Amino acid sequence: MKKVLIYNEFYHERQNDNQASKVYPDGIHIALKQALCDEFSVETVTLETVNEITEEKLQNTDVLLWWGHMKHQEVPDEVAVLVQQAVLEGMGLVVLHSGHHSKPFKLLMGTNCNLTWRENGDRELLWVCKPSHPIAKDLGRFVVIDNEETYGEPFSIPEPQELVFIGSFEGGEVIRSGCCYKRENGRIFYFQPGHETYPVYYNPEIIKIIKNAINWAAPDYRVKMGCPHVKKPLED
Ligand code: ZN
């Protein structure tokens, strides 16, 4: 069974005046764990326990899921570097929704990852633009999300190596919603849906995509690349 670790900052869901506390009373990480644990071995960490993300823990993780929003700056830089290094070795990383501004994602992208946003509960159509891709397995032409926070271009990420989804919103905006990257040995998938006040992670098609993404991102080759100094040429 592939080993999945879910990081969720778990802040909005604990504010009683926030709709997130009603949609995800136990936290986004628990909702995701419940949806994924039939196929994967799943553990969770939150901002409070972020120091449990150690080198050893990551070595024992096939794919890390990352949901954060308001508290990105409270994640220690050292943890972000550990995640970056684990990805370079081969660990998979799936960055969800407002995780676009998380320290590990920005470190791995090398850009500021800004985008345009608006919160009106627009309907989103998540268009499959690469039906042959493993992350789009068993989907139709598009997925309907009844209500979502609107994210729009320009999205200042490096050109995705593969673009699997484009989201379009009632108000007219579009965003590159499903972006694949390879960094050294590791695979990264950015997936836009998942605002905390809408029940997006209860949508079976969204869960199907996240499962596909975990299977795609899981390492098939994992090794720390060295910098060996060889003293002699291969042939004299
Ligand atoms: Zn959001």
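Read the numbers this way: they start at 1 and go in the same order the structure lists the ligands and their atoms. Model, not experiment: these values are computed from the prediction.
- The side-chain hydrogen bond (donor to acceptor under 3.5 Å, both in side chains) analysis of residues 216-236, with sequence neighbours excluded, yields the pairs Arg187-Asp220.
- Note: Tyr24 and Tyr198 fail the aromatic proximity criterion, with ring centroids not under 6.0 Å apart.
- Counting heavy atoms from C-beta outward, Pro158 and Tyr181 have side chains that approach closer than 4.5 Å.
- The side-chain tip of Lys2 does not point at the ring of Phe40 from less than 6.0 angstrom away and within 45° of straight on.
- The number of protein N, O or S atoms lying under 2.8 Å from the Zn ion (ligand 1) is 3.
- Look at Arg118 and Glu149 and you find no salt bridge, because none of the NZ, NE, NH1 or NH2 atoms lies under 4.0 Å from a carboxylate O.
- Classification of Lys103 and Asp77 as a salt-bridged pair holds, one side-chain N sitting under 4.0 Å from a carboxylate O.
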